[in-house]
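Below is one structure, written out as structure tokens; comments come after it.
Keep in mind the model is a prediction, meaning the values are calculated, not measured.
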Amino acid sequence: MSQHQIVIPTKDKLFNLGEFSLRRPGNMITAVILVVGFVLTFIRFTQGIGSITNLSDTMPWGMWIGFDLLCGVCLAAGGYFTTVACYVMGMKHFHSAVRPAVTTAFLGYAFVVFALLYDLGHPLRLPYMFFFPGTTSVLFEVGLCVATYLTVLFIEFSVAPMEWLSCKFPFLKKWRKVVVRCTIILTIFGVCLSTLHQSSLGALYLIAPGKLHPLWYSPFMPMFFFVSSMAAGCSMVIFEGMWAHKGVHHYMDETHLREADEVVFSFSKAGAFILFGYFMLKLIDMLVQANLPYLCTGYGLWWLVEMLFFVLTPALLYAKGSRDRNIKLCRFASANAVLGIVLNRFNVSMIAFNYALPADERYFPSIWEVYISIFVVTLIVTVYRFIVYHMPVLYEHPDFKDAH
């Protein structure tokens, strides 16, 4: 047991599951959510997709695409954002943030694929795109890039489990060296793939100009999705770090604790610039497309709420927080920005989609759709906790000094 109560797994005791068995409100709530979620999963895959959703031919993509896919992929952008800052731009003071960012990115993408199985009418046909490729389809490009990037993230993340298991299986040390030597190549490959599929998610909606409200529809949607993913990337690093400091603070070593505040302030500066740029791009696009009259409608007011309170506000808060070195303000801004990303994806995929339909024909997710999304998020948090309790993510393994 070290100074920060970090339990280092040994050959005789690889697993540390005591944290999950403690009678804490969080553990009990997690257990209830997981049990009910697995029951709903059984119903979904035995009774069909219509048994728990309000999806229809009018709205075949709903809550699971809007939140689990669009939000999940965007909010997992912290992986490429942090690795590029550290390994490509040479900002080595971000080194302690790389593994947590890559871990959350890997889990985010892995559970995006997992959640996608709920939305597919025939989940077993997910691999069909590799055997029957639709090379002219944007959706094929998204699927191929996500699958490839998930593989890249798995390789980047694999260093942590290899260090964990190396005491039991020494041959993993050789494989770890191979992966570490490929870090730069994997980082460059990862950012190229992220550029492609983050923007392509926006391109999916270019086919529906008559269905998506003009204030959100734009021929530049691919660019908007990519720029907002960068804002989501730096915001999620701060947001995830905030909760990690609350929940697993005792698994952080001196290096991580010492560098944490500087990571927050540096990423806050980046977030301020990106969000200001995104705000100006959206404003110019709205004016160029002559959408100003729509601002006097209900959807116009909602667009202003999104832009003023969830884009401009976090940008200003980031700028002030980083200038004044106010850690609480920067963390609040990150939560504001993350909520804004979720709101934007919901607006594009559900709220402003099919806006011309009568109210009684509009889609609204069922309570079970919402619950499945909560279930997936809870699974991510649970797996993240398992990883942190066993693998050197928030601390440096004593057998692999200078590995972070």
Side-chain angles (χ1 to χ4, degrees), residues 61-85 100-116 119 138-139 141-143 145-150 152-153 190-206 212 216 218 220-241 267 270-271 274-275 277-279 281-282 306-307 310-311 314-315 318 333-353 373 376-377 380:
W61 288 359
M63 176 79 181
W64 292 337
I65 293 297
F67 181 74
D68 299 350
L69 179 63
L70 296 186
C71 293
V73 168
C74 185
L75 296 178
Y80 85 81
F81 192 90
T82 309
T83 53
V84 167
V102 169
T103 300
T104 52
F106 169 66
L107 291 178
Y109 276 86
F111 279 93
V112 160
V113 177
F114 173 75
L116 187 60
D119 195 72
V138 174
L139 194 57
E141 190 270 343
V142 171
C145 282
V146 168
T148 309
Y149 185 48
L150 179 59
V152 171
L153 282 172
V191 72
C192 291
L193 290 169
S194 296
T195 304
L196 290 170
H197 70 258
Q198 293 285 0
S199 58
S200 295
L201 286 172
L204 287 174
Y205 289 88
L206 291 178
L212 186 59
W216 283 272
S218 169
F220 299 103
M221 283 182 70
M223 178 185 64
F224 293 152
F225 266 58
F226 177 65
V227 174
S228 61
S229 80
M230 290 193 290
C234 59
S235 298
M236 272 303 292
V237 171
I238 301 172
F239 186 72
E240 174 249 325
F267 276 53
I274 295 169
L275 285 171
Y278 178 74
F279 178 82
L281 288 172
K282 291 281 286 186
E306 177 189 328
M307 297 305 300
F310 296 98
V311 178
Y318 269 145
S334 72
N336 192 349
V338 168
L339 187 59
I341 294 295
V342 173
L343 177 62
N344 173 259
R345 299 308 190 252
F346 274 10
N347 283 336
V348 171
S349 63
M350 290 186 292
I351 298 174
F353 196 79
S373 294
V376 171
V377 172
I380 294 175

>> On a heavy-atom basis, which atom in Leu150 and which in Ala110 lie closest, and how many Å separate them?
In response: CD1-N, 3.6 Å
>> To the closest 0.5 Å, what do you measure between CD1 (Ile351) and CG (Leu212)?
In response: 11.5 Å
>> Between Val227 and Ile274, is there a side-chain heavy-atom distance shorter than 4.5 Å?
In response: yes
> Would you say Ser194's side chain and Val191's backbone share a donor-acceptor pair under 3.5 angstrom?
Replying inline: no
>> For the backbone of Leu196 and the side chain of Ser199, can you confirm whether one donor and one acceptor N or O come within less than 3.5 Å of each other?
In response: yes
> How far apart are the C-alpha atoms of Phe353 and Tyr205, what are their side-chain angles, what is the distance that settles it, and do they pass the side-chain contact (heavy atoms from CB on, under 4.5 Å) test?
Replying inline: CA-CA 10 Å; Phe353 196 79; Tyr205 289 88; 4.0 Å; yes
> Minimum heavy-atom separation for Cys74 to Gln198, with atom names?
Replying inline: CA-OE1, 3.8 Å
> Is it true that atom CZ of Phe111 has more than 12 heavy atoms of other residues, nucleotides or ligands lying nearer than 6.0 Å?
Replying inline: yes
> With a 4.5 Å limit on heavy-atom distance, are the side chains of Val348 and Phe225 in contact?
Replying inline: yes
> Side-chain donor-acceptor pair under 3.5 Å between Tyr80 and Thr195, yes or no?
Replying inline: no
> Of the non-hydrogen atoms in Met236 and Leu75, which two are nearest, and what is the gap between them?
Replying inline: CG-O, 3.1 Å
> Which atom names give the shortest non-hydrogen contact between Lys282 and Met307, and what distance separates them?
Replying inline: CB-CE, 3.5 Å
> Can you find a heavy atom in the side chain of Leu139 that is under 4.5 Å from one in the side chain of Leu204?
Replying inline: yes
>> What's the separation between atom CG in Leu193 and atom CD in Glu141, rounded to the nearest 0.5 Å?
In response: 9.0 Å
>> Quick check for you: to the nearest 0.5 Å, what is the distance between Asn344 atom CG and Tyr278 atom OH?
In response: 4.0 Å
>> Run Ser228 and Arg345 through side-chain contact (heavy atoms from CB on, under 4.5 Å) and show every step you take.
In response: CA-CA 10 Å; Ser228 61; Arg345 299 308 190 252; 2.9 Å; yes
>> Return the CG to CZ distance between Leu206 and Phe220, rounded to the nearest 0.5 Å.
In response: 10.5 Å
>> With side-chain contact (heavy atoms from CB on, under 4.5 Å) as the criterion, how do Trp61 and Ser349 come out once you've worked through the C-alpha distance, each side chain's angles and the decisive distance to 0.1 Å?
In response: CA-CA 8 Å; Trp61 288 359; Ser349 63; over 6 Å; no
>> Let me confirm one number: the CD-CD1 distance from Glu306 to Ile341, rounded to the nearest 0.5 Å.
In response: 9.0 Å
> So, do Thr82 and Pro100 sit near enough that their side-chain heavy atoms are less than 4.5 Å apart?
Replying inline: no
>> Give me the atom names and distance for the closest heavy-atom approach of Ala105 to Ala76.
In response: CB-O, 3.3 Å
>> Between Tyr318 and Ser235, is the side-chain contact (heavy atoms from CB on, under 4.5 Å) condition met? List the steps.
In response: CA-CA 10 Å; Tyr318 269 145; Ser235 298; 2.8 Å; yes
> Where do Ser373 and Trp64 come nearest, in terms of heavy atoms and distance?
Replying inline: OG-CD1, 3.6 Å
>> If you define the side chain from C-beta out and look only at heavy atoms, does anything of Phe224 sit under 4.5 Å from Leu281?
In response: yes
> Taking C-beta and beyond as the side chain, do Leu339 and Leu343 meet within less than 4.5 Å on heavy atoms?
Replying inline: no
> Which distance, rounded to the nearest 0.5 Å, do you find between the CD1 of Ile380 and the CZ of Phe106?
Replying inline: 11.5 Å
> Do Phe279 and Leu275 come close enough that some side-chain heavy atom pair is under 4.5 Å?
Replying inline: no
